[in-house]
Amino acid sequence: MYVLRRAKTWEISESEDSEAESKLSLNRDVSNQITTVSKEDGEAESSEKGKTLPSPTKAESSQASVLSAPQPDGSCTPSPARKRRTKEEIETDRQKAKERKEARDRQRAAKANEKEERRREQQRRREAAENLKSLRPENYIRSLTVCVDPALLQQHDSDILLDTLASLEWRFHIENQELTHSITWTRDSPQQGEQGQVTVEEEQVIVVLTLTDFMDIVVSVKKILDSEEEERGMGAVLSPLLELLNRDANKLVSLLVTDCVPDHRSVCLSVAIRFRFRTKGCGECLPEEMLQSKLGLRNVDIQEVLVYLQLYKNISLVFLDGWQDVTDHVCAVTKALSKRPFKLLTERSELPFCVDGSWASGARVEWDGSGLIQVWSRQIQQLNRVSSAVASTVIASYQSPQLLLQAYQNLGSEEERKGMLAGLLVNTGGKERRIGPEISARIYRCFTAQNPQLVLD
């Protein structure tokens, strides 16, 4: 059996303590000498070779800056004190900022307005192009509607008209008209109304009559002419027709006389030949006594009736053979109505005398007005026996038509106005002569006459 025993305490003598202390002091002196020698060697090497010691790394420098304590001698630079602004400077800066903001807002608004103007211009051009496209005859005819009175459908072969309109794919309505046995036209206006598109009625009116109706009109007009009482004692056919013309003078009425029976064809042909009306298929002529026996009128009376209708009431007469000719006439009027808006648009010009080119009898006028004097000269030379020398003499005294008219107005009597230009001298080939009273009077009548049918010579 083993028994553990505590070791006895070591006892150190004084001699051993002194030896240990001497060894420690010796080691301390040696280390100090080595450190001193190494520092001296490093300074010597750096001074001899001119080399610097390697700089510490970024991590070491940052760690050293963090760990280093602030210098007590105040070597670090303090931050400069912030200068306080006055109220005037603050207000000035605020005003400048406001002006810059307003300038940016104006620039932004100008760009927005310019963009909106471009959009509107594009919209106007698009609408103008669409409007021009809709006015073309092949497109405009789709907006026309042929309105046929139901009374016409009771006549024989009247279905030819409806079948033709349906085959051409034209719009037509059968509805009661203001004039019985009439055909009118309506069109859809591009303007938008409260209830949709606005329907406008055309001024053309066609009335299909038989020969019996035409005889009734002749008798009624003859009574009006004999009694000298305007539009009294009219028949059943003429009365509503004249009432329509009195209410709307822009209406253009055409009477289509058809259904000529064989014994009445002489009436159609004789009337058409004598007054140059268009006649289709009226057969052979019978003696003129047939017309007098049928109507009890003389040829002079028939002439008076036709002159009254055509000249006084602007009613045209067309004598046709049957409903096929009536259908052709209605189709021709419909096509003419479809072509009219596009022709009016293309032929319209603000200054018709401003031509793009020049020709033998014309003069070019620029947009700045140069060339108007040549137009004024050509205008005077349009008169017969007025040469270029005479025109140049008149232009030298009166540089424009307005000045010439003012000169006429300043004179008191008619004779003075007619002879105002008679005394002007014209130089032709080295010889001088006067314009004369005849040319002077013709120029005066040309620029002051109110009658468009006046003969100047």
Side-chain angles (χ1 to χ4, degrees), residues 144-165 168 170 172-186 201-221 234-245 251-262 264-283 291 294-295 302 305-311 313-337:
L144 293 176
T145 303
V146 183
C147 302
V148 183
D149 189 75
L152 291 175
L153 303 180
Q154 300 176 4
Q155 299 184 12
H156 182 64
D157 293 336
S158 61
D159 55 344
I160 297 177
L161 175 62
L162 302 183
D163 295 340
T164 303
L165 296 177
L168 294 174
W170 292 351
F172 63 92
H173 289 164
I174 300 175
E175 57 186 7
N176 294 325
Q177 302 296 317
E178 187 174 359
L179 294 177
T180 182
H181 298 87
S182 65
I183 300 174
T184 59
W185 286 262
T186 59
E201 186 175 357
E202 296 288 349
E203 63 271 12
Q204 277 75 14
V205 178
I206 289 180
V207 182
V208 182
L209 302 176
T210 61
L211 185 59
T212 304
D213 298 331
F214 176 69
M215 291 180 181
D216 181 69
I217 291 177
V218 172
V219 173
S220 300
V221 173
M234 297 177 295
V237 180
L238 188 61
S239 177
L241 181 59
L242 296 183
E243 290 180 0
L244 175 64
L245 293 177
K251 291 293 184 180
L252 301 177
V253 181
S254 299
L255 301 180
L256 305 183
V257 182
T258 183
D259 292 337
C260 299
V261 293
H264 292 164
R265 288 179 181 177
S266 60
V267 178
C268 299
L269 187 60
S270 61
V271 171
I273 292 177
R274 289 180 183 276
F275 306 105
R276 297 180 181 180
F277 289 123
R278 182 163 55 91
T279 307
K280 295 186 178 180
C282 286
L291 178 62
K294 291 293 181 182
L295 301 179
I302 300 296
V305 170
L306 296 179
V307 168
Y308 174 81
L309 293 177
Q310 186 174 5
L311 298 183
K313 298 301 180 181
N314 196 22
I315 299 175
S316 60
L317 288 173
V318 181
F319 293 90
L320 303 176
D321 187 27
W323 268 97
Q324 183 60 49
D325 296 334
V326 173
T327 301
D328 295 341
H329 186 84
V330 172
C331 294
V333 174
T334 306
K335 291 181 179 179
L337 290 176

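Between Leu241 and Leu255, the shortest heavy-atom distance links the atoms CD2-CD2, 4.1 Å. Between Val253 and Val207, the shortest heavy-atom contact is CG1-CG2, 4.3 Å. Across all their heavy atoms, Val333 and Ile206 have their closest contact at CG2-CD1, 4.2 Å. Among all heavy-atom pairs drawn from Ser220 and Leu238, the shortest one is CB-CD2, 3.9 Å.
By the 4.5 Å heavy-atom criterion applied to side chains, Ile183 and Leu161 are counted as neighbours. Contact check for Ile315 versus Leu245: side-chain heavy atoms found under the 4.5 Å cut-off. Proximity of Trp185 to Val330: side-chain heavy atoms (C-beta onward) are separated by under 4.5 Å at one or more points. Looking only at side-chain heavy atoms (C-beta outward), Leu317 and Leu309 come within less than 4.5 Å of each other. Asp213 is not listed as a side-chain neighbour of Ile217, based on a closest heavy-atom distance of 4.5 Å or more.
We find the CG-OG1 distance between Asp216 and Thr210 to be 9.5 Å, quoted to the nearest 0.5 Å. How far OG of Ser316 is from CG of Leu252: 8.0 Å, rounded to the nearest 0.5 Å. Atom OG of Ser254 is separated from atom NE2 of His329 by 5.0 Å, given to the nearest 0.5 angstrom. Here CG of Leu244 is found 11.5 Å from OG of Ser239. Values are rounded to the nearest 0.5 Å. Atom CG of Leu256 and atom NE2 of His181 lie 13.0 Å apart (nearest 0.5 Å). Distance check, rounded to the nearest 0.5 Å: OG1 of Thr334 to CG of Leu168 gives 9.0 Å.
For Thr164, there are no side-chain hydrogen bond (donor to acceptor under 3.5 Å, both in side chains) partners two or more places apart in sequence or in a different chain. A search for side-chain contact (heavy atoms from CB on, under 4.5 Å) contacts involving Thr180 returns Asp149, Ala151, not counting sequence neighbours. For Asp157, the side-chain contact (heavy atoms from CB on, under 4.5 Å) partners at least two apart in sequence or on another chain are Ile160, Trp323. By the salt bridge (charged side-chain N to carboxylate O under 4.0 Å, His left out) test, Glu175 is found to be paired with no residue, residues two or more places apart in sequence or in another chain being considered. With sequence neighbours excluded, the residues that form a side-chain contact (heavy atoms from CB on, under 4.5 Å) with Pro240 are Leu179. Listed by chain and residue number, nothing satisfies the side-chain hydrogen bond (donor to acceptor under 3.5 Å, both in side chains) test with Trp170 (two or more places apart in sequence, or in another chain). Residues satisfying the side-chain hydrogen bond (donor to acceptor under 3.5 Å, both in side chains) test with Gln324, not counting sequence neighbours, are Asp328. Residues satisfying the side-chain hydrogen bond (donor to acceptor under 3.5 Å, both in side chains) test with Gln177, not counting sequence neighbours, are Thr184.
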Test Val148 against His173 for side chain to side chain contact (heavy atoms under 4.5 Å, CB included), laying out the working first. CA-CA 6 Å; Val148 183; His173 289 164; over 6 Å; no
Leu144 and Val146: CA distance, side-chain angles, deciding distance, side chain to side chain contact (heavy atoms under 4.5 Å, CB included) verdict: CA-CA 7 Å; Leu144 293 176; Val146 183; over 6 Å; no
Is there a side chain to side chain contact (heavy atoms under 4.5 Å, CB included) between Leu153 and Leu162 once you walk through the steps? CA-CA 9 Å; Leu153 303 180; Leu162 302 183; 3.5 Å; yes
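Side-chain atoms of Lys251 come within 3.5 Å of backbone N or O of Glu202 as a donor-acceptor pair.
Around atom CG of Asn314, no more than 12 heavy atoms belonging to other residues, nucleotides or ligands sit under 6.0 Å away.
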